[in-house]
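Just so it is clear: chains get the letters A, B, ... in the order the sequence lines come, proteins before strands, and each one is counted from 1. Atoms considered below: every heavy atom in the structure, side chains included; atoms not considered: hydrogens, waters and symmetry mates. In this text, all values refer to a predicted model and were calculated from it rather than measured experimentally.
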Amino acid sequence: MQLQLLDADYTLVNGRPIVRLFGKTEKGETVCVIVENVRPYFFLHPREDIELKDIEYELEKNNLDYEVVERFLPIGWSPKPVKMLKIIGRDPSKIPEIRAWISRFGTPYEADVLFKYRYMVDNGLRGMAWFSVEGKPVQTGTVKCKTVCADRIKPLEMLSNAPLRYMALDIECAPQSGLPNADNDPIIMISLVFWPDWKGKSSIVLVSKHTSLPDCIGFADETEMLKRFKDIMDDYDPDIVTGYNITNFDLPYILRRLEVLDLPRDLGRAEKAAWARKLSMTQAITLTGRVVVDPYDIIRRDPWVKLKRYDLRTVAKSLLGEEKLEMSGSSEITTLWKGGLEDLKRLVNYNRRDSELAMRLLLEKGLLDKFFEIAKISGLLLQDALGGQSMRHECKLLHEFRKRNFVMPCKPDGAELTKRKAEREEAGLKGALVLEPETGLHASGCTIVLDFTSLYPSLIKAFNICPTTWLKNVGPDSPPHFTSPFNTCFVKPEVREGVLPAIVRELINTRAAVRAQARTEVDNEKKRILNAKQLALKDMANSLYGYTGFVHGRIYVMDIANTITAYGRDTITNAKKIIEDNFPYKVIYADTDSTFIKTDIVDLDAAQEMGIKISRFVTERLPGLELKYEKLFRTFLIETKKRYAGWCFEKEKDGWKDKIEMKGIETVRRDWCALTSETMNKVLDIVLRDGDVKKAAKFVRDVIADLIAGKVPLEKLTIVKGITKDLEEYDGVQPHVELAKKIVSRDPTKQRMVGERLEYVIVKGNALLSKRAEDPEFVKAKGMEIDSTYYIENQLLPPLERIFESVGVSRTELIHGTKQMSLLSALNGQKPTPSPEKTVLKSYEAIVCRKCYWSFRRPTLTGVCPTCGGQLFFSSGTSLGKFLEPTKS
DNA sequence: TGGCGGCGGGG
DNA sequence: GTGTACGCCGCCA
């Protein structure tokens, strides 16, 4: 039988552990493979002064077996392995105790590896990978699916994935007041969406009162409903359980309700009760044999998805173009629940839609694809592959260390952690090099961006950087080695290839092969898997460096993390020098692994050609590394380190494609109103595409004028913030909290505002700013006036000022000529006339008339503006509008 | 610049 | 379950 490994756990039978592997056949059947006769173990490296017989006595006393084995120590190069004890126990859960007392004899290794992983690693099994089983069917009474007792298990190499069953769920509850509390507030409704269908239905809504609405099942009460919910779980038997924010809300809530109502909680494929453990903020839910997938978790952590908010409404809208149904908070749910048939119908539809959206996000956006591959590469079970980065590397390293006869250190305990943190505090981990940018607008020629491909992984590989190759003490007898810019030494690969370098090599080579394969693959399903796989390989390679500097990691050695970044800084500095020594261009900015080269080339094709030429030139001179042409900016504006925007051009099959690209300059932020975001975008657009700073400044003045004239619609001025706790609990004054208090005092039916999301605008008045937050509807109804000064000062100008300052337009110039000028000056006690000395000049590309904004390439002979006689000042790129050649796009 | 405090998603 | 772990943003000094 061939199975794809979906999940695993262990359980004790007659005091002895058995491993249970939950696998899927090619046809989608679920099989639980039972493995007997596996014992927990770990390694002990005894102290020099300890005699074997000292330990032997203790081991015997505690009914433990042992073997003397030879293993390499993980930190620091040594030519020979050392003698260690492999301590073999019986009950995995007893290992921590054993480890605690045995530590007085030496250093334990791998004493904290989860038992299921111990087995998997020892047998070459990886999550979502295939394996073959020979065995006999058995009945256990504890596992709900077909069960086989294994005689022989062998890992297999297969690309395909078994068909899985998905179930999305969403609950509703009607709290009496405020936030729902699982101890008291019942679940009123559960929507379930199935893929593929369950009994011909794609969805069903369970309702905790009698109803005859279509595709619904009504029950006498919550208890009956929950009983049926579990029955459906067992009957449909999903592999994947999903739902929006289910890990943090729905599942823990359901589990608590089952507990309160004294109902069984075995929602998985075995007898074990499902359980939720609280981490720092998020929880983790374990359903044996199934995988809980929360689209919220995945989307929020996806670096490609940048949204203002990550609620289901925003996410569904932007990723699926789909709307959530209208519902104005939990108080409305309670109202509808108490209402008539139409109300119930609306609630049911609302409930059903949320499950549908979660399911669609998961399936249509292929959210799991990459994680399947991460599981296969790292060896983690799918459930764990959905978690953080560190576990992936830990698992991968465990596999690779074992293959080479190395042992893995345990995770740091509290004392070790304190030590590491102190060490870091003192010596510090020096990061990447970020060059001080030449701020301002660069518009006279294209700015070329060249990136080192996978810089840190390449460095690890090129210089054999690894704890296992690290020469702690270098002497005349030391084997051939590299000496790093951090003054650390690593033996050369011909002496021994490090484990990290080997992992990186495999990841990089496999990725290249997978990408090549993906290009020629015609089958769409296979192509999708291959693409997910290359992304997973890239993720793994790029985050390996991070693991070497991860305080909670098993191979944390600050010297190694420091070595990698030191090589990185050296590399980028070298690249800059090579470029500037050999080409007539300047590197105006560089960050970690990318360089920005300013040229005088206006033609896009010529600029790209030059970029490729430079990248080849540099690559030839830096062995083991590749500097690659990335993209070009026709115009490029940089404010500070890490904050820039550019008119980006990328050549595609059907010609040049352009867009405005921004890094660090946020045009969307949840505490900004729409007007700010819109104005920011428009300003960058004018500056970069038209190259016309004066036009951009005028645009801002117009917006300010509209604002003062009250012509800006309220919707664009609305700021949204949520009330998260009882109003009395807030200390300090915040606008939305003050508004909530007002709403409560105006409307006695409103009790608590917890959980409400408030929209507000700031109105004119003499009171403190926070006290002047108002409900937009109330403002409309009462015809109140908004506080334009607030919007200009606090919303519009701060982000805009930074942009304009970098192109040499000061705040005073920005608002010059608007009524606001005098208004603000009066407020700030400033002189109303712009003072030229205060004008910020950072980049000098043009000379502009202060009065009419006409611009010149050189200072005029008279020293004043020939058109209007106005005073001239230096600016950057202001005259661009006149000499920018139209491009092919 | 750095440290502190609050908040996220869900109903 | 042989585990014990956030990370960003705004405010204020």
Side-chain angles (χ1 to χ4, degrees), chain A residues 9-12 17 39-42 87 89-100 108 110-118 170-182 185 187-189 243-253 272 275 277-284 286 288 294-297 299-301 309-315 327-334 336-337 347 350-351 354 358 384 387-391 394 410-414 417 550-554 666 669-672 721-725 729-732 734 737 754-757 798:
Chain A
D9 78 339
Y10 87 91
T11 188
L12 289 178
R39 292 179 63 182
Y41 68 86
F42 64 94
I87 314 280
R90 293 166 203 283
D91 178 352
S93 67
K94 296 287 187 292
I95 296 288
E97 280 171 42
I98 300 164
R99 173 189 171 181
E110 302 183 13
D112 53 2
V113 175
L114 259 38
F115 190 60
K116 56 189 176 191
Y117 283 117
R118 176 79 281 160
D170 181 47
I171 65 167
E172 306 297 333
C173 25
Q176 289 309 305
S177 69
L179 293 164
N181 175 350
D185 300 319
I187 299 170
I188 56 170
M189 222 174 253
Y244 208 77
N245 205 26
I246 41 165
T247 41
N248 249 322
F249 182 73
D250 304 65
L251 284 178
Y253 204 100
K272 280 186 192 169
W275 54 287
R277 72 219 126 113
K278 185 93 186 151
L279 299 182
S280 51
M281 93 151 249
T282 177
Q283 323 201 39
T286 307
T288 308
D294 192 335
Y296 166 70
D297 273 338
I299 293 164
R300 190 176 38 119
R301 290 197 318 232
R309 298 168 53 209
Y310 291 87
D311 57 345
L312 182 55
R313 177 180 303 283
T314 313
V315 168
M327 191 66 62
S328 70
S330 61
S331 51
E332 190 176 1
I333 294 178
T334 310
L336 292 177
W337 181 242
L347 199 51
Y350 171 81
N351 184 220
D354 282 4
D384 297 325
Q389 298 267 2
S390 68
M391 279 183 83
E394 227 141 70
C410 295
K411 284 190 207 171
D413 57 12
L417 220 49
F550 179 48
V551 199
H552 294 279
R554 291 171 189 269
E666 300 155 285
R669 260 172 49 171
R670 58 175 68 198
D671 52 332
W672 284 350
K721 263 193 166 181
I723 299 288
T724 53
K725 53 186 175 189
E729 287 175 48
Y730 283 92
D731 29 55
Q734 290 188 58
V737 179
V754 186
E756 300 286 327
R757 204 166 266 289

Calculate the interatomic distance between A:Asn351 atom CG and B:dG11 atom P; express it in whole Å. 8 Å

Picking from B:dG10, C:dA5, B:dG11, the nucleotide nearest the side-chain atoms of A:Asp311 would be B:dG10

Whole angstrom is fine here: how far is it from CZ in A:Arg301 over to P in C:dC6? 13 Å

On the nucleotide B:dG11, are OP1 or OP2 found under 4.0 Å from the side-chain N or O atoms that A:Tyr350 carries? yes

Expressed in angstrom and rounded to an integer, what is the separation of A:Tyr296 atom OH from B:dG11 atom P? 13 Å

Could you give the CG-to-C1' distance, from A:Asn181 to B:dG10, as a whole number of Å? 14 Å

Test side chain to side chain donor-acceptor pair (under 3.5 Å) applied to A:Tyr117 and A:Asp384, step by step: CA-CA 11 Å; A:Tyr117 283 117; A:Asp384 297 325; 2.5 Å; yes

Need one value for A:Pro96: base, sugar-phosphate or nothing, where a base atom within 4.0 Å counts as base even if backbone is also close, heavy atoms only. sugar-phosphate

Using a heavy-atom cut-off of under 4.0 Å over every strand shown, decide if A:Phe550 touches base, sugar-phosphate, or nothing. nothing

At 4.0 Å (heavy atoms only), tell me whether A:Ile98 reaches a base, stays on the sugar-phosphate, or touches nothing. nothing

When rounded to the nearest 0.5 angstrom, what distance separates CG in A:Asp294 from CZ in A:Arg300? 8.5 Å

Give none if B:dC4 has no partner; otherwise give the nucleotide forming a Watson-Crick or G-U wobble pair with it, both distances under 3.5 Å. C:dG10

Could you please name the option among C:dT4, B:dG9, B:dG11 that lies closest to any side-chain atom of A:Lys411? C:dT4

Enter the distance from A:Thr334:OG1 to A:Glu172:CD here, rounded to the nearest 0.5 Å. 10.5 Å

Please determine, for the side chain of A:Asp354, which listed nucleotide (C:dA5, B:dG10, B:dG11) has the closest atom? B:dG11

Holding to side chain to side chain donor-acceptor pair (under 3.5 Å), I want the full list of residues that pass it with A:Tyr253, two or more places apart in sequence or in another chain. none

Round to a whole Å and report the spacing from CG of A:Asp294 to P of B:dG8. 16 Å

Mind calculating the distance between CD1 (A:Ile171) and P (B:dG11) to the nearest angstrom? 8 Å

Provide, to the nearest angstrom, the distance between the CG atom belonging to A:Leu114 and the C1' atom belonging to C:dT4. 12 Å

If we only count heavy atoms from C-beta on, is the A:Leu347 to A:Ile188 side-chain gap below 4.5 Å? yes

Decide yes or no for A:Arg99 and A:Cys410: does some side-chain heavy atom of the first lie under 4.5 Å from some side-chain heavy atom of the second? yes

Ignoring the backbone of A:Met391, work out which of B:dG10, B:dG11, C:dA5 is nearest its side chain. C:dA5

Sugar-phosphate only, base, or nothing, as touched by A:Arg99 at under 4.0 Å among non-hydrogen atoms: nothing

Whole angstrom is fine here: how far is it from CG in A:Asn245 over to P in B:dG8? 12 Å

Under 4.0 Å between any heavy atoms, over every strand shown, what does A:Asp170 touch: base, sugar-phosphate, or nothing? Just pick one. sugar-phosphate

Of the candidates C:dA5, B:dG10, B:dG11, the side chain of A:Tyr244 sits closest to B:dG10

With a non-hydrogen cut-off below 4.0 angstrom, is A:Tyr253 in contact with a base, only sugar-phosphate, or nothing? nothing

C:dC6 to B:dG11 separation - P atoms, rounded to the nearest Å: 26 Å

When all nucleic acid strands are considered with a 4.0 Å heavy-atom cut-off, which category describes A:Leu312: base, sugar-phosphate, or nothing? sugar-phosphate

